[in-house]
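For reference, the structure discussed in these notes is given below.
Computed from heavy atoms alone, side chains included, the values below leave out hydrogens, waters and symmetry copies. In listed order, ligands and their atoms are each counted from 1.
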Amino acid sequence: MPQSATQIIKRIGVLTSGGDAPGMNAAIRAVVRACAFHNVEVDGIFQGYAGMISGDFKRLNERSVARILGRGGTILKSSRCKEFHEPEGRKMAFDQLKKHGIDGLITIGGDGTFAGAHILFQEHGIPVMGVPGSIDNDIYGSDHTIGFDTATNTVVDAVDKIRDTATSHNRLFFVEVMGRSSGFIALKAGIAAGAIAIILPEDEMSVDELVETLKVSEQSGKSSSIVIVAEGSKGGGAYELARQVNERFSEYETRVSVLGHLQRGGSPSCYDRVIASRMGVAAVEGLIQGRKDCMIGIVNDRETYTPLEDAISRDHLPNRDELRIARILAI
Ligand code: F6P
């Protein structure tokens, strides 16, 4: 149920913070246009919390966000701001919000971004609304974060290309993907690209188990394979895993490919554009209805508001059954 409105929102500030993700621009566009629709003014705050502290604000209107829907990155730019971790930094930021007449704040980003928004609300009472934008998909309160779908499609495309070389040279490839301490990208892309094994931080396969899997498949005639390794896996990443496997099983020539930041860029997928548009509009409407200190997400295809406290502290974990399916198919 919407909370009762205790104040009328007249001007919203919007920022992007943390790692950029494809679809953030679609979310910014949705926020700005929903504000125009509801007769609320909107300021873009540039460079994330760093720009909030330094006063890098600019009034936006519906035309300021033309032709950004399909662009990767974020027109508002982003940063990871150390000063905002301190109460003095947050006080300076709040003073800038007051100076610019901002009475509601929309922060697009991941859990670090939301932790900052939550504490700003606790200390200064400014209504805040989070929009989950991160390729990692590790936020509780939304089935998907903005950027995750595009990033996994980028990974699948890259692995399909790597497979051409793997097949042509009878090689075993270890492909390392992003996700920080979360295995969502590895799991989805691993299934979609037909990996023989997927190494996740949430459910690590032992080196012995992996070697056994490789042996069995090699004996059944498999001449090349792809192992997807999540960057947050505890075994030390793709290079270390490749080294350990090579010591025990050297039937294949081995190569390692770390995909890195190409996973964060590019034009957002249709899915990311749509969820970003939905969440951007719902973020504005939530603030207008008097909601505060929460995050908009999409759960079971419905717009859902979750307290920021929960979004920050609770886990969003990959589906274990997908891991089981991946193992069944990797023979
Ligand atoms: O959170 C998004 C993400 O791309 C993670 O997957 C990765 O671990 C991290 O950001 C990389 O951060 P940076 O761009 O600061 O090196």
Side-chain angles (χ1 to χ4, degrees), residues 15-28 47-51 72-74 76-85 107-117 130-159 174-190 193 198-202 204 228-241 256-269 272 275-276 279 295 297 308 311-318:
L15 62 79
T16 48
S17 166
D20 64 310
M24 278 184 163
N25 281 328
I28 295 164
Q47 315 280 355
Y49 291 120
T74 159
L76 293 179
K77 300 187 179 279
S78 192
S79 65
R80 303 190 200 274
C81 175
K82 287 208 180 76
E83 262 181 295
F84 201 75
H85 288 258
T107 60
I108 306 169
D111 50 2
T113 304
F114 298 157
V131 177
S134 164
I135 63 165
D136 301 341
N137 203 34
D138 56 348
I139 307 290
Y140 176 85
S142 192
D143 291 342
H144 295 115
T145 53
I146 297 164
F148 170 64
D149 182 65
T150 307
T152 46
N153 278 300
T154 300
V155 171
V156 171
D157 184 53
V159 175
F174 290 81
V175 180
E176 185 175 299
V177 302
M178 277 187 167
R180 207 179 290 271
S181 51
S182 159
F184 272 100
I185 296 177
L187 181 55
K188 296 278 184 195
I198 305 168
I199 313 298
L200 304 178
E202 295 89 349
E204 207 108 338
I228 302 280
V229 187
E231 66 172 351
S233 63
K234 296 171 190 76
Y239 278 104
E240 177 56 20
L241 185 61
V256 175
S257 182
V258 177
L259 297 186
H261 286 82
L262 69 83
Q263 295 162 90
R264 287 239 295 263
S267 178
S269 66
D272 277 329
I275 62 167
M279 291 198 269
M295 181 196 87
L308 277 180
I312 298 159
S313 61
R314 298 180 69 171
D315 287 334
H316 183 215
L317 296 172

ask   = Between the side chain of Ser79 and the main-chain N/O of Gln47, is any donor-acceptor distance below 3.5 Å?
value = yes
key: Criterion side-chain contact (heavy atoms from CB on, under 4.5 Å) against His316, the qualifying member of Ile139, Asp138, Asn137, Asp136   = Asn137
From Val258, Val256, Ile228, residue fulfilling side-chain contact (heavy atoms from CB on, under 4.5 Å) relative to Glu176 = Val258
ask   = Out of curiosity, Ile185 CD1 to Lys188 NZ, how far, rounded to the nearest 0.5 Å?
value = 12.0 Å
request  = Can you label the angle between the Tyr49 ring and the Phe84 ring as parallel, tilted or perpendicular, going by 30° and 60°?
outcome  = parallel
message = Pair Asn153, Ser269 - check side-chain hydrogen bond (donor to acceptor under 3.5 Å, both in side chains), show working.
response = CA-CA 8 Å; Asn153 278 300; Ser269 66; 4.9 Å; no
key: Residues lining ligand 1 [heavy-atom distance under 4.0 Å, listed by chain and residue number]   = Arg80, Ile135, Asp136, Met178, Gly179, Arg180, Glu231, His261, Arg264
